[in-house]
Amino acid sequence: MSKRLAIVTAGGSAPAILINLLKQQFPDALLIVESSESKSTFLKRRARKIGWFQTLAQLPMQLISKLGKTWAQKRYQQIADDYNTSQTMPSDLQTIHIGSVNDGSLAGHLRDNQIATTLVIGTRIFSKATIASIDIPLLNFHGGLTPDYRGLNPGYWSLIEGKPDRFGGTVHFIDAGIDTGNVIAQKSCKPHPNDNFLTYHHTISAQCADICIAAVKSALEGNVEPMMAQGISKQHYHPTVYGYFWNGITKNIW
């Protein structure tokens, strides 16, 4: 019976930090990389959920995040060095590129490569049809503690809301919701004094490699079991630019 792992991701420096740590334990892993979603599609989908006013108010923070990555490179590299990993996607894993996790090709790639377990790290939300087409454990790493810190920037929001004990990560089964699947493992983490909005997720990713590795090993052995998660379910989004600066000034959390 195959005991091979597939890692599915849209790429990026934070997923790369975790993927390179996983590679050390699963050197034969298959890497499946989906294309980035267009900004217009993302904005329209977000606006359907929270309205155009809030969506447009969040847009400057998305731009700041994109432009600020250059400024944050020193901290990214410090995290990579501290945890013996890399912020660059590995080039020595078998890699398949797809348009989207929901384009109908994913299940076939998993079958063709005799994959036994899949770990998802930062992709689009899986459709019900995609989930139904996959008959092996479908795990997700989320850089926040569910159910109370679902969605985007969970580490940042846990600090803003005065709950540093909820700064951490979760491995859970994927269902049709947003970070709502049954929890397999969770870990509370600690931000570094040099961390900020741009680097919290990188720190959480590095510190949670151990629970990802343990969850994958359990899934490959066929004995992964969900646990009871505590908290009130809440989905988070990008902060608005005015909310971000207000919280930075009043709470010194940036």
Side-chain angles (χ1 to χ4, degrees), residues 1-36 69 72-101 105-124 126 134 136-144 155 168-174 181 184-187 189 192 195 199-224:
M1 179 180 177
S2 170
K3 290 188 177 181
R4 191 181 184 196
L5 167 69
I7 303 169
V8 184
T9 184
S13 53
I17 283 173
L18 178 53
I19 291 167
N20 280 288
L21 290 168
L22 288 163
K23 185 188 73 171
Q24 296 173 20
Q25 295 291 321
F26 309 101
D28 67 338
L30 172 67
L31 183 61
I32 300 177
V33 182
E34 75 164 356
S35 299
S36 299
K69 288 178 180 178
Q73 279 298 316
K74 182 177 180 180
R75 176 60 187 145
Y76 294 162
Q77 190 57 51
Q78 183 182 33
I79 295 168
D81 292 343
D82 287 346
Y83 290 90
N84 189 30
T85 183
S86 172
Q87 58 168 308
T88 303
M89 292 288 286
S91 60
D92 53 351
L93 291 178
Q94 179 189 353
T95 303
I96 296 172
H97 293 272
I98 61 175
S100 163
V101 293
S105 67
L106 181 58
H109 289 310
L110 298 177
R111 286 193 298 269
D112 292 346
N113 289 277
Q114 298 182 309
I115 300 302
T117 294
T118 301
L119 179 64
V120 176
I121 308 172
T123 67
R124 294 171 175 83
F126 278 54
I134 298 172
I136 58 174
L138 193 55
L139 281 54
N140 181 65
F141 171 69
H142 172 61
T170 300
V171 181
H172 63 85
F173 287 110
I174 286 181
I184 298 167
Q186 293 188 316
K187 181 178 180 180
C189 303
H192 189 276
D195 279 329
T199 66
Y200 292 133
H201 191 61
H202 295 68
T203 289
I204 291 170
S205 296
Q207 292 185 28
C208 285
D210 56 346
I211 64 169
C212 291
I213 291 167
V216 167
K217 287 182 176 179
S218 294
L220 291 172
E221 294 296 332
N223 60 6
V224 62

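Put simply, OG1 on T203 and NE2 on H192 are 8.0 Å apart, with the number rounded to the nearest 0.5 Å. The CD atom of Q114 sits 11.5 Å away from atom CD1 of I136, with the distance rounded to the nearest 0.5 Å. Rounded to the nearest 0.5 Å, atoms CD (Q87) and CD1 (I79) are 9.0 Å apart. To the nearest 0.5 Å, atom OG1 of residue T85 and atom CG of residue D82 are 11.5 Å apart. Atoms CG and CD, from L21 and Q207 in turn, are 11.5 Å apart once rounded to the nearest 0.5 Å. Atom SG of C212 is separated from atom CD1 of I19 by 10.5 Å, given to the nearest 0.5 angstrom.
Partner I96 forms a side-chain contact (heavy atoms from CB on, under 4.5 Å) with one of L30, L31, L106 and no other, that one being L30. N140 pairs with exactly one of T123, T170, V8, V120 by the side-chain contact (heavy atoms from CB on, under 4.5 Å) rule, that one being V120.
Side-chain N or O atoms of Q24 include one that pairs as donor or acceptor with a backbone N or O of N84 at under 3.5 Å. Judged purely by atom type and a 3.5 angstrom limit, T118 has no side-chain atom pairing as donor or acceptor with the backbone of L138.
What you find for K23 and P90 is that their closest heavy atoms are CD-CB, 4.0 Å. Across every non-hydrogen atom of A107 and I134, the tightest pair is CB-CG1, 4.2 Å. When all heavy atoms of T199 and A72 are compared, the pair lying nearest together is CG2-CB, 4.1 Å. The minimum heavy-atom distance between A206 and I17, with the atom names listed, is CB-CG2, 3.8 Å. L93 and P27 get closest at one heavy-atom pair: CD2-O, 3.5 Å. When every heavy atom of A219 is checked against every heavy atom of P137, the shortest pair comes out as CB-CB, 4.2 Å.
Q25 has its side chain out of reach of L5: every pair of non-hydrogen atoms, C-beta onward, lies at least 4.5 Å apart. Side-chain contact between R75 and D195 is present, with at least one heavy-atom pair separated by less than 4.5 Å.
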- Message: Apply side chain to side chain contact (heavy atoms under 4.5 Å, CB included) to residues I32 and L110 and explain how you reach the verdict.
- Response: CA-CA 9 Å; I32 300 177; L110 298 177; 4.0 Å; yes
inquiry  = Under the criterion side chain to side chain contact (heavy atoms under 4.5 Å, CB included), I'd like the reasoning laid out for L18 against F141: C-alpha separation, chi angles, the key distance, then a yes or no.
reply    = CA-CA 10 Å; L18 178 53; F141 171 69; 3.6 Å; yes
- Message: Under the criterion side chain to side chain contact (heavy atoms under 4.5 Å, CB included), I'd like the reasoning laid out for V224 against T117: C-alpha separation, chi angles, the key distance, then a yes or no.
- Response: CA-CA 11 Å; V224 62; T117 294; over 6 Å; no
One pair to check against side chain to side chain contact (heavy atoms under 4.5 Å, CB included): L220 and F26. What are the steps and the verdict? CA-CA 11 Å; L220 291 172; F26 309 101; 3.9 Å; yes
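Between the side chains of Q77 and D81, at least one donor N or O lies within less than 3.5 Å of an accepting N or O.
Evaluation of the salt bridge (charged side-chain N to carboxylate O under 4.0 Å, His left out) rule for D210 yields K187 as partners, not counting sequence neighbours. Taking S100 as the reference, E34, N102, D103, R124 meet the side chain to side chain contact (heavy atoms under 4.5 Å, CB included) condition, with sequence neighbours excluded. Residues passing the side chain to side chain donor-acceptor pair (under 3.5 Å) test with N113, sequence neighbours excluded: Q94.
Relative ring orientation between H202 and Y76 is described as parallel, the plane-to-plane angle staying below 30° on a 0-90° scale split at 30° and 60°.
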